[in-house]
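Counting begins at 1 with the first residue of the sequence. Remember, it's 1-based here, ligands and their atoms both numbered in the order they're listed.
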Amino acid sequence: MTAPRIAYFSMEMALEPGMPTYSGGLGVLAGDTIRAAADMRVPMVGVTLLHRKGYFFQQLSSGGWQTESEVHWAINDFAQLIPTRVSINLEGKQVQLAAWEYEAKDHGHYTVPVFLLDADVEGNAPEHRGLTDRLYGGDDRYRLCQEAILGIGGVRLLRALGFDSVERFHMNEGHSSLLAVELLHEQLRARGDSDLREAVKVVRKQCVFTTHTPVAAGHDQFSCELVQRVLGEEGNHHGLSAFGCAGDLNMTELALNASHYVNGVAKRHGEVSRQMFPAYSIDWITNGVHAPTWVSPPVTRLFDHYVPGWQADPHGLRSALTIPKQELWHAHREAKWSLLEWVNRESNAGMDVDYLTIGFARRATAYKRPGLLLTQLERLQDVLKPERPLQLVFAGKAHPRDEEGKHLIEDVFKAKDRFSCIQLAYLANYDMRLAKTLVGGVDVWLNTPHPPFEASGTSGMKAAMNGIPSLSVLDGWWMEGCIENVTGWAIGGLNESEEQILDHGARLREKLEQVVLPTFYDQQDAFIDVMRSTIAFNGSFFNTHRMLQQYVAKAYFG
Ligand SMILES: *Cc1c(COP(=O)(O)O)cnc(C)c1O
């Protein structure tokens, strides 16, 4: 390990399928970023929380109702407890923090360490020992305590470990923005309290902020009274007010004020963020995915043969057009076979590898509109035939407190067995492992967000790596990734009215009837062409290697 120069802070990180330290896209992006840093030997260190009980384990009743239980996992199998301890004052009491070290390695020996903070330390008050148990669990007080541990505790840990070489602190979403308050205290201690303006300037040069949420309600906000009660001295004096955050604490605002570089996660999301926060200069760096993590084993073997070096440098996938079509098709069928085996074992849907299979997996929440396709099944079945059916595979968790999201899952269950020539399955407990099997195993990846609420989306990029085209509303990354009939298909158009957006169901059905179904069933050669160009255009670009190079050039050392 080279002395780290960049510290990457994230409330969640998908480091390995066996570690339940993430809930969805934000954590997967963080994990992919860490893996890419290891591959590229970017001197980075990661900081997150341990999440002893994970996000949650999803069970679905026979009627499709979601229930949640704690995740049990063997921390020792993945990470090592280190002897260093740091402390933070929360609610007027000292809280000792332990840390576990996870090592992300490249194929050789280069390591990016990730530290997972743990409040379950003997001697801590009972109400504090569980603070790093549950990701996105609990109330505002619980959340603020967690964010203080991540931001303030995280910086203290890095200093206690002697990582004085860190020059940039990257906040992946606003959860960790209290780190700026700790950095400011460091500066003030070093230069004497008088030099506040200069200290703020130094902190701003150290901080980088990536925003992910295009909805105002999605930004963490804490009342002034709660902040005072929880943080007391920790957030006190110059800390928050120096960053323009007196009164209620908005974590995004703090991050914006404390950072010299701010970006959204796709071109469109950059525009949306600039409209939300017109007082700030906000750039964009489109997300990517870590290629070797998401490509199925059969397609990996194919790439190893035809695109040697693609794992270390996925830009090489630009030359995917040299892969013989039938070989790509066979590799894809092998991946599809693995998926359908999983689907049939779990759901008894009896899906067939010869039939067009569409995947839809993401957090079950209203703006992602999992019901959009369901509204069209009635009419779709009229154009399907027994030898040209449609198979649909769904997955995704609803946040435990999102009743509406849970009903959306139930609606998919209700549609099962109602239609001839349409097979439907909803797989429980969507996680990294299932995601990998899904994105490589379906024929088409569907995405139907209500624009402009999809900041980026990354599952379609994972699919693209596997040669799976997207059928998607033009939002998030797809506005950059969609080349009609070349990398997939758009649902609807650009700059649409609300009325047009609400009519996306019909546009989706038309695209399926007129383009996707006939191409898949009647023009296999043309379908494989789309698969290949999806890899060449989108696999070669929407990867974390390209993304991290942009962060290095624009944000870290720009
Ligand atoms: C990639 C991934 C996501 C994010 O997918 P989106 O396209 O952003 O909705 C969520 N959950 C898991 C398990 C993933 O692997």
Side-chain angles (χ1 to χ4, degrees), residues 10-33 35 54-58 71 135-136 172-173 210 212-215 218 264-266 268-269 286-296 339 358-370 372 393-399 405 408-409 427-442 444-466 468 470-473 475-482 488 538 542-544 547:
S10 183
M11 181 56 89
E12 46 171 314
M13 272 190 207
L15 297 167
E16 295 209 13
M19 296 175 75
T21 51
Y22 65 99
S23 88
L26 185 72
V28 169
L29 177 77
D32 278 0
T33 301
R35 284 182 280 278
Y55 180 49
F56 68 88
F57 186 85
Q58 180 195 48
V71 187
L135 173 60
Y136 305 139
N172 186 42
E173 193 49 299
T210 301
H212 292 262
T213 319
V215 209
V265 289
R268 172 71 182 278
H269 180 239
T286 303
N287 281 166
V289 297
H290 183 249
T293 298
W294 299 107
V295 176
S296 69
L339 168 66
I358 295 181
F360 183 97
R362 44 193 32 91
R363 185 154 52 89
T365 195
Y367 85 83
K368 304 243 188 191
R369 301 192 291 181
L372 196 72
V393 185
F394 287 79
K397 295 174 175 178
H399 186 279
L408 292 171
I409 299 176
L427 302 181
N429 217 33
Y430 184 45
D431 64 358
M432 269 181 97
R433 177 77 73 215
L434 177 51
K436 179 166 186 167
T437 308
L438 263 173
V439 295
V442 297
V444 172
W445 193 249
L446 177 69
N447 195 13
T448 54
H450 185 301
F453 299 134
E454 183 89 326
S456 163
T458 50
S459 54
M461 300 176 185
K462 301 169 195 165
M465 285 283 167
N466 285 279
I468 308 305
S470 281
L471 169 60
S472 171
V473 167
D475 197 16
W477 82 282
W478 191 234
M479 297 196 43
E480 297 157 61
C482 178
N538 288 350
F542 295 98
N543 57 70
T544 31
M547 182 194 84

Nearest 0.5 Å please: distance from the CD1 atom of Ile409 over to the CZ atom of Phe394.
-> 11.5 Å
Heavy-atom contacts with [X] under 4.0 Å: which atoms of ligand 1 show up? List them by number with element.
X      : result
Gly457 : 7 (O), 8 (O)
Ala435 : 15 (O)
Gly24  : 10 (C), 11 (N)
Gly25  : 3 (C), 4 (C), 10 (C)

Min heavy-atom dist Lys368 to ligand 1 below 4.0 Å | yes
Does ligand 1 have any atom that is closer than 4.0 Å to a heavy atom of Trp477?
-> no
So, do [X] and [Y] sit near enough that their side-chain heavy atoms are less than 4.5 Å apart?
X      : Y      : result
Lys462 : Leu438 : no
Met461 : Trp294 : no
Val473 : Arg369 : yes

Among all protein heavy atoms, pick out the one at the shortest distance from atom 11 (N) of ligand 1; state its residue, atom name and that distance to 0.1 Å.
-> Tyr430 CE2, 3.4 Å
Lys/Arg-Asp/Glu bridge criterion (N-O < 4.0 Å) met for Lys368, Glu454 | yes
Please work out whether any backbone atom (N, CA, C, O) or any side-chain heavy atom from C-beta onward of Asp431 is under 4.0 Å from ligand 1, and answer side chain, backbone, both or neither.
-> backbone
Does ligand 1 have a heavy atom under 4.0 Å from the side chain of Trp294, from its backbone, from both, or from neither?
-> side chain
Test item: side-chain donor near acceptor, His212 and Asn172, under 3.5 Å = yes
The option among Ala14, Ala463, Ser459 carrying the non-hydrogen atom nearest to atom 5 (O) of ligand 1 is Ser459
Which option, Lys462, Arg362, Arg363, owns the non-hydrogen atom nearest atom 3 (C) of ligand 1?
-> Lys462
Within 45° of the ring axis of Tyr55 and under 6.0 Å from its six-membered ring centre, is that where the NZ or CZ of Lys397 lies?
-> no
Are any of the N or O atoms of Thr458 closer than 3.5 Å to those of ligand 1?
-> yes
Apply the side chain to side chain contact (heavy atoms under 4.5 Å, CB included) test between Leu471 and each candidate in Leu446, Thr448, Asn447; give the one that qualifies.
-> Leu446
